[in-house]
J.: 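Take this structure, written in structure tokens, and hold onto it; I'll ask about it next.
Chain letters run A, B, ... following the sequence lines, proteins first and then strands; every chain starts at 1.
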There are 4 protein chains.
Amino acid sequence: MDRKQAILKAASNLFAERGFASTSTSAIAKKAGVAEGLIFHYFKTKQGIIINILKEMLEQYIAEFEQTAQQELIGLQAIKKLISFHFQFGENNHEALLIVIRDFPHDLMAPGSPTRVILEDRSSHIINILKECIERGINDRSIRDLPAAKTAFIIHGLLHGISRLKMLGNMVLPDLSKEVVKFCHRSLDGFLATNNKPE
Amino acid sequence: MDRKQAILKAASNLFAERGFASTSTSAIAKKAGVAEGLIFHYFKTKQGIIINILKEMLEQYIAEFEQTAQQELIGLQAIKKLISFHFQFGENNHEALLIVIRDFPHDLMAPGSPTRVILEDRSSHIINILKECIERGINDRSIRDLPAAKTAFIIHGLLHGISRLKMLGNMVLPDLSKEVVKFCHRSLDGFLATNNKPE
Amino acid sequence: MDRKQAILKAASNLFAERGFASTSTSAIAKKAGVAEGLIFHYFKTKQGIIINILKEMLEQYIAEFEQTAQQELIGLQAIKKLISFHFQFGENNHEALLIVIRDFPHDLMAPGSPTRVILEDRSSHIINILKECIERGINDRSIRDLPAAKTAFIIHGLLHGISRLKMLGNMVLPDLSKEVVKFCHRSLDGFLATNNKPE
Amino acid sequence: MDRKQAILKAASNLFAERGFASTSTSAIAKKAGVAEGLIFHYFKTKQGIIINILKEMLEQYIAEFEQTAQQELIGLQAIKKLISFHFQFGENNHEALLIVIRDFPHDLMAPGSPTRVILEDRSSHIINILKECIERGINDRSIRDLPAAKTAFIIHGLLHGISRLKMLGNMVLPDLSKEVVKFCHRSLDGFLATNNKPE
DNA sequence: AATGAATGAGCCTTCATTCAT
DNA sequence: TATGAATGAAGGCTCATTCAT
């Protein structure tokens with residue numbers, strides 16, 4: 001119906017299937033059943049399309065991420081929920097994730113480019129949410145005493161990396177989500193820390 | 001001297017600097033001080049160059065990874081060494097890593113493509129080494145009882161993801177390496193597990 | 001006016017002058033006063049141009065050939081008219097004939113290729129028209145009793161070969177057309193056959 | 001054994017299979033099991049190869065053509081033998097004929113080029129032989145009174161055209177040779193001419 | 001005679017983008 | 001809003017040919 005949405009949908013399909021660089025605007029137009037010029041009417045440039053997709057996805061991810069973080073008061077529980085949410089989101093938004101995580105075009109990350117600003121902004125937002133949960137956990141003793149910022153970054157990297165490896169390799173590792181939760185739980189758990197001093 | 005090496009070096013520089021897609025073969029030839037045709041004499045296609053870089057890097061990485069895994073007999077210590085090695089390697093091979101991890105061209109990962117086969121093969125090789133160390137650790141009680149394969153995959157994803165986020169964001173997080181070692185240590189440590197039953 | 005026609009005209013000139021392989025698309029564009037990209041907008045590939053020229057010429061040739069065949073009721077007269085027509089057509093369409101008959105690119109004749117199908121289809125169409133005229137002639141006794149299909153093929157080959165030799169050699173043999181008519185007349189004439197049994 | 005012959009053989013195969021333009025010197029070298037440079041040592045240029053093939057074939061053709069022309073004293077019989085010989089030769093030298101007759105590269109026929117000189121020279125030689133036989137036939141009354149030069153050209157065109165159509169179309173027309181002999185016989189036969197005035 | 005690394009000009013084609021309608 | 005003809009720069013790649021060994 002909405003031509004703009006038709007373009008976005010067609011573009012998402014093709015980007016996920018062939019990658020951004022290998023998808024031509026003419027292919028998008030054809031798939032969307034639309035004249036090529038219309039794409040530029042709506043999105044100005046080809047990058048405009050992927051930026052739009054990127055923004056939409058990140059906004060949704062962050063909104064739900066934030067909401068999830070607030071559903072649990074206990075810090076450790078919140079982190080665990082966030083991890084579960086991440087993999088759940090990946091399953092529900094396979095295509096968009098594929099686009100953003102797999103082969104995000106290098107040009108779009110040129111220093112100072114709007115895309116980069118968006119991405120870094122959102123990325124640090126995510127890390128901040130994680131960090132706040134960790135700090136909350138340290139305060140409520142559910143999480144042991146550790147550097148919150150670095151740990152948040154590590155967890156973010158962990159989630160990003162596992163999702164990416166899964167996409168790149170088409171691997172199907174069932175229940176990996178639960179195992180990741182356990183993996184992080186063990187590392188963060190404040191109860192163990194109280195009674196034992198590791199290393 | 002060796003023209004082939006000159007091409008590889010020039011290509012590495014440019015791929016790392018501008019990305020694969022934005023680097024023209026003519027630019028590579030110019031930088032290498034070589035006729036453009038020679039590139040195709042040696043590498044057949046432009047992709048041939050990056051595949052070559054990829055292979056070389058992976059071979060070196062795996063060789064050293066394997067060697068590192070055997071330097072420590074205790075499972076947990078081995079894992080910790082491997083993590084440290086990973087980040088050390090990243091610092092010593094910043095450029096190659098940048099090329100391979102940041103914007104590896106999507107086309108090369110088409111299902112069934114030789115590149116993909118290589119990459120998946122090497123990837124599972126790395127995971128296997130991790131897995132063996134984990135199993136060793138479980139046997140020697142340095143690592144608690146946990147599913148070795150899944151955990152290996154998680155650690156691989158963790159390392160991959162953190163390296164990638166660092167590259168994408170140009171972030172400088174000093175000592176992240178040590179923090180990752182600690183993060184994993186806490187999650188794996190068998191001594192804690194012996195005395196306390198988490199969850 | 002029509003850019004597409006301008007391209008076709010420029011291409012015809014150049015193909016006839018230098019041959020297909022030695023004509024670059026950029027030269028065509030320049031001569032047509034058009035951006036090079038427009039060629040591919042209309043014809044997809046360089047071969048697309050020559051295929052277009054080929055089709056147009058063959059369609060015109062066949063249409064007129066067919067019409068000529070019906071203008072004369074007597075079989076032998078029809079054949080003679082067709083022969084005359086062939087050479088007349090050659091003089092009026094020197095350029096297109098040059099392109100198609102002289103150095104039609106070998107690739108286009110690969111078994112199963114669409115071009116080949118077109119060419120074979122048209123070729124057998126021409127032979128069929130000749131065959132029908134011969135059969136008509138046999139019935140009306142203007143042509144002696146002979147194998148119609150084979151004879152049609154021979155006449156087609158005769159016309160094709162003479163035209164080609166003329167183009168290749170730039171030879172100017174005036175009135176060859178009339179001589180060919182006589183040559184075939186003598187071979188086909190039913191009146192002679194009725195009164196004399198050769199061999 | 002002989003490297004030069006190996007090159008010629010490989011080139012013949014490939015030219016016949018893919019056409020001259022689509023065959024690279026490197027492909028020839030590979031097929032001949034020889035370094036690419038050696039081709040240029042022997043033949044100077046790529047065209048040199050085809051010129052060599054061309055010359056060899058034409059020389060053989062003409063030698064046998066000439067010899068055939070002299071085997072029969074009666075003019076008409078000579079012509080008929082020549083026609084039969086032509087098709088016989090085509091069957092025995094399918095590959096070489098394919099190269100020369102099917103898609104002889106346009107460049108090689110540029111006015112004044114050595115190839116063109118050779119080809120025109122040989123072509124008129126063939127026509128001359130035909131012409132002499134016709135004149136002989138006119139003298140010995142086996143052939144009716146007709147313009148010898150033009151008729152020779154027509155027969156040459158006839159043979160060339162039929163052979164070419166056969167190659168282009170992969171058509172298998174059995175016994176066409178005999179039919180062509182008959183076709184020409186009827187047209188030339190002096191006996192009929194003596195008793196009947198055609199047209 | 002024989003090799004094959006090295007050259008470099010040139011070509012077809014793709015593609016994002018513009019613009020008149 | 002919508003079209004699609006038209007642009008033109010840029011790029012990967014092929015290939016005949018040369019030359020040092």
Side-chain angles (χ1 to χ4, degrees), chain A residues 2-4 6-7 20-30 32-49 107, chain B residues 2-4 6-7 20-30 32-49 107, chain C residues 2-4 6-7 20-30 32-49, chain D residues 2-4 6-7 20-30 32-50 107:
Chain A
D2 191 349
R3 313 280 252 261
K4 194 174 173 182
I7 294 172
F20 178 78
S22 302
T23 301
S24 66
T25 50
S26 90
I28 296 171
K30 192 178 294 174
V34 148
E36 202 173 349
L38 198 59
I39 292 178
F40 294 87
H41 178 70
Y42 281 126
F43 300 97
K44 195 71 178 166
T45 68
K46 187 188 173 191
Q47 292 201 349
I49 310 172
D107 304 358
Chain B
D2 193 349
R3 315 280 249 262
K4 194 173 175 184
I7 293 173
F20 178 78
S22 303
T23 302
S24 68
T25 50
S26 87
I28 296 171
K30 195 174 294 172
V34 149
E36 198 174 349
L38 196 59
I39 293 179
F40 297 89
H41 181 66
Y42 282 124
F43 302 98
K44 296 300 182 202
T45 67
K46 188 189 172 190
Q47 292 197 344
I49 310 171
D107 304 357
Chain C
D2 192 347
R3 314 278 250 264
K4 193 173 175 183
I7 293 172
F20 178 79
S22 303
T23 302
S24 68
T25 51
S26 89
I28 297 172
K30 195 175 291 173
V34 149
E36 200 174 349
L38 196 59
I39 293 178
F40 297 89
H41 181 66
Y42 282 124
F43 301 99
K44 297 300 183 203
T45 67
K46 187 188 171 190
Q47 292 197 343
I49 310 172
Chain D
D2 192 350
R3 315 281 254 257
K4 192 173 175 184
I7 293 172
F20 178 78
S22 302
T23 301
S24 67
T25 49
S26 88
I28 297 171
K30 192 178 294 172
V34 149
E36 203 174 349
L38 197 58
I39 293 178
F40 295 87
H41 178 69
Y42 281 125
F43 300 98
K44 194 73 178 164
T45 68
K46 186 187 173 191
Q47 291 199 351
I49 311 172
I50 204 175
D107 304 358

J.: Choose from dA2(E), dT3(F), dA5(E) the nucleotide whose nearest atom is closest to any side-chain atom of Ala35(A).
T.: dT3(F)
J.: Return the 5'-most residue of the pair Gly37(C), Ser26(B) with respect to DNA chain F, ranking by each residue's nearest nucleotide.
T.: Gly37(C)
J.: Is there a Watson-Crick or G-U wobble partner for dT21(E) with both distances under 3.5 Å, and if so, which one is it?
T.: dA2(F)
J.: Taking the nucleotide of DNA chain E with the nearest heavy atom to each, does Lys46(C) or His41(D) sit closer to the 5' end?
T.: His41(D)
J.: Check the distance between dA9(E)'s C1' and Lys30(B)'s NZ and give it to me in whole angstrom.
T.: 15 Å
J.: Reading DNA chain E from 5' onward, which residue's closest nucleotide shows up sooner: Lys44(C) or Leu38(B)?
T.: Leu38(B)
J.: Is the shortest side-chain N/O distance from Arg3(C) to OP1 or OP2 of dG4(F) below 4.0 Å?
T.: no
J.: Looking at every strand, decide which applies to Thr25(D) at a 4.0 Å heavy-atom threshold: base, sugar-phosphate, or nothing.
T.: base
J.: Check the distance between dG4(E)'s P and Phe40(D)'s CZ and give it to me in whole angstrom.
T.: 15 Å
J.: Rounded to the nearest 0.5 Å, what separates atom CZ in Phe43(C) from atom OG1 in Thr25(C)?
T.: 12.5 Å
J.: In whole angstrom, give the distance that lies between atom CD of Gln47(C) and atom P of dT13(E).
T.: 8 Å
J.: Can you tell me how far P of dT13(E) sits from CD1 of Ile28(C), to the nearest Å?
T.: 11 Å
J.: Find the distance Lys4(C):NZ to dG4(F):P and express it as a whole number of Å.
T.: 15 Å
J.: Answer whether the closest heavy-atom distance between the side chains of Leu38(C) and His41(C) falls below 4.5 Å.
T.: yes
J.: Rounded to the nearest Å, what distance is computed from the CD1 atom of residue Ile7(B) to the P atom of nucleotide dC13(F)?
T.: 14 Å
J.: In whole Å, I'd like the distance from the CG atom of Asp2(D) to the C1' atom of dA2(E).
T.: 13 Å
